[in-house]
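Read the structure below first, then the notes.
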Amino acid sequence: MKKERWKKVLTMAVLGISIGAAGAFPAGAAGGYTLNPEVKSATPALKRAAEIGVRSYDNPAMKEAENKDAILVLSFGTTYAENRAATIDKTVAEIQAAHPDTKVVLAFTSHIIIDRIQKNEGLRIPTPEQALEQLKAEGYTRVAVTTLNVIPGIEYDYNAALFDMYKGQFKKMTLGTPVLYWMGQENQRDDVAEFVQAIGTQFPRLGETDAVLVMAHGTPHPANAYYSVLQSRFDAAGLGNVFVYSVEGWPHLDTVIPMLKAKGIEHVTIMPMMVVAGDHANNDMAGSEEDSHKSILERAGFAVTPYIHGLGENEAVRQLFVQRADEAWDALERHTT
């Protein structure tokens, strides 16, 4: 069923040009795009703009090189060692289990977290750049890059920049998508609706006066708009009173509180929509300080139950990350000898 959806012809707009008319077809099971062969004078910028979904690059200068494959998993990281083991490490282990004969490497995109872990634990986790340099030094020629990002925001832009900088140093590189990418547009799958069903497996049973508040990170990046789409999918899923808010973006907690009061909500469960239940979950969300979300909600008259578990502890969500890694891997193998 999934592959049948991916095979459908899609349309999109790039730089004011209708690629559906100028010509765009899906790049196969990866759910990306390539320009129609009838576009004879596509500039490098137009080609780059049309690269959405899983990105893939075959290096013609290395086409005769022997295949030696690796999967690079990129995560923001966390200094919470116990939570890291229960979320990031467990997800990477499941990706490795799905690809038992392939080298799987983990790198953190937060250089600050890397430094703190090395100082406090004596554990050195590589940056993405260091991981790619090491893979190159070890003779790996094909690398599938997958991400533990939730939305395609600033962190995912970092991943895309890495792809552009390093793709010429390998025979082939691919870059998978975050958990939330496609929204059902132009016959693509609806990642947001699938995610709602996955995270919904950890929701408590809700009565009429109960609600779940899902705390996202928030970002100045335009990808912050995914939270509005997510809210619309929660509303359509029939899961009860579920509201999305963010620590650093929009909507804020004070955006949601009037909605709770208007619905007569008395009790709320607050939970992070982050891979790891780290500092934001333990302190900003559920801390004892007067400015924590728990304290603010209690002062507003609500009974509050914190759920301090990252998305990486949810088996259904972990499987979505494994699926994204599989897509990057499938693109790595496609049309390569």
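Quick note: numbers below take in every heavy atom, side chains included, and nothing from hydrogens, waters or symmetry partners.
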Check whether any side-chain N or O of [X] sits under 3.5 Å from a backbone N or O of [Y] as a donor-acceptor pair, and report yes or no.
X    : Y    : value
Q96  : T91  : no
N59  : G168 : yes
K68  : G139 : no
R48  : T43  : no
D190 : A193 : yes
R299 : E290 : yes
R324 : P178 : yes
E298 : I296 : no
Y181 : G53  : yes
K172 : A331 : yes

Presence of salt bridge, [Y] and [X], under 4.0 angstrom:
X    : Y    : value
E94  : K90  : no
D191 : R189 : yes
E121 : R84  : yes
K171 : D58  : no

Test R142 against E66 for side-chain contact (heavy atoms from CB on, under 4.5 Å), laying out the working first.
CA-CA 9 Å; R142 302 198 310 174; E66 182 179 352; over 6 Å; no
Do T305 and H267 pass the side-chain hydrogen bond (donor to acceptor under 3.5 Å, both in side chains) test, and can you show the C-alpha distance, the side-chain angles, and the key distance before you say yes or no?
CA-CA 8 Å; T305 301; H267 171 261; 2.8 Å; yes
Could you please spell out the steps behind the side-chain contact (heavy atoms from CB on, under 4.5 Å) verdict for K167 and L175?
CA-CA 10 Å; K167 64 185 181 182; L175 173 64; over 6 Å; no
So L311 and T87, side-chain contact (heavy atoms from CB on, under 4.5 Å) or not? Walk me through it.
CA-CA 7 Å; L311 294 174; T87 56; over 6 Å; no
Over all atoms of both residues, closest heavy-atom pair of [X] and [Y]:
X    : Y    : answer
V244 : Q231 : N-OE1, 2.8 Å
G77  : I113 : O-CD1, 3.3 Å
G218 : Y227 : N-OH, 3.1 Å
F321 : I95  : O-CD1, 4.5 Å
E289 : S295 : O-OG, 2.7 Å
G287 : S292 : O-OG, 2.7 Å

Under 3.5 Å, is there a donor-acceptor pair linking the side chains of [X] and [Y]?
X    : Y    : value
H252 : S246 : no
H309 : N83  : no
T219 : N224 : no
Q323 : Q319 : no
D210 : N241 : no
E155 : T109 : yes
T79  : N120 : no

Could you tell me the separation between the CG atom of D69 and the CG atom of L135, rounded to the nearest 0.5 Å?
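Here the rounded value is 11.0 Å.
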Evaluation steps, side-chain contact (heavy atoms from CB on, under 4.5 Å), between F234 and V212
CA-CA 11 Å; F234 275 129; V212 169; over 6 Å; no
What ring pair (Phe, Tyr, Trp, His ring centres under 6.0 Å) pairs are there with at least one residue in residues 204-226, not counting sequence neighbours?
H217-H280
Listed once per pair and sorted, the ring pair (Phe, Tyr, Trp, His ring centres under 6.0 Å) pairs that draw on residues 134-179, sequence neighbours left out:
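Non-adjacent pairs meeting ring pair (Phe, Tyr, Trp, His ring centres under 6.0 Å): zero.
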Just so I know, are the side chains of [X] and [Y] near enough to count as touching, which here means a heavy-atom distance under 4.5 Å?
X    : Y    : value
K294 : M285 : no
Q130 : R124 : yes
T174 : R55  : no
V247 : M274 : yes
V275 : I88  : yes

How about CD on E315, more than 12 heavy atoms from neighbouring residues, nucleotides or ligands closer than 6.0 Å, or not?
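No, CD of E315 has 12 or fewer neighbouring heavy atoms, counting only those of other groups under 6.0 Å.
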Check the hydrophobic clustering (I, L, V, M, F, W, Y; side-chain heavy atoms under 4.5 Å; chains of links allowed) and say if L148 and I117 are grouped together.
yes
For the hydrophobic clusters of this structure (ILVMFWY residues joined by side-chain heavy atoms under 4.5 Å, transitively), does one cluster hold both Y245 and V214?
no
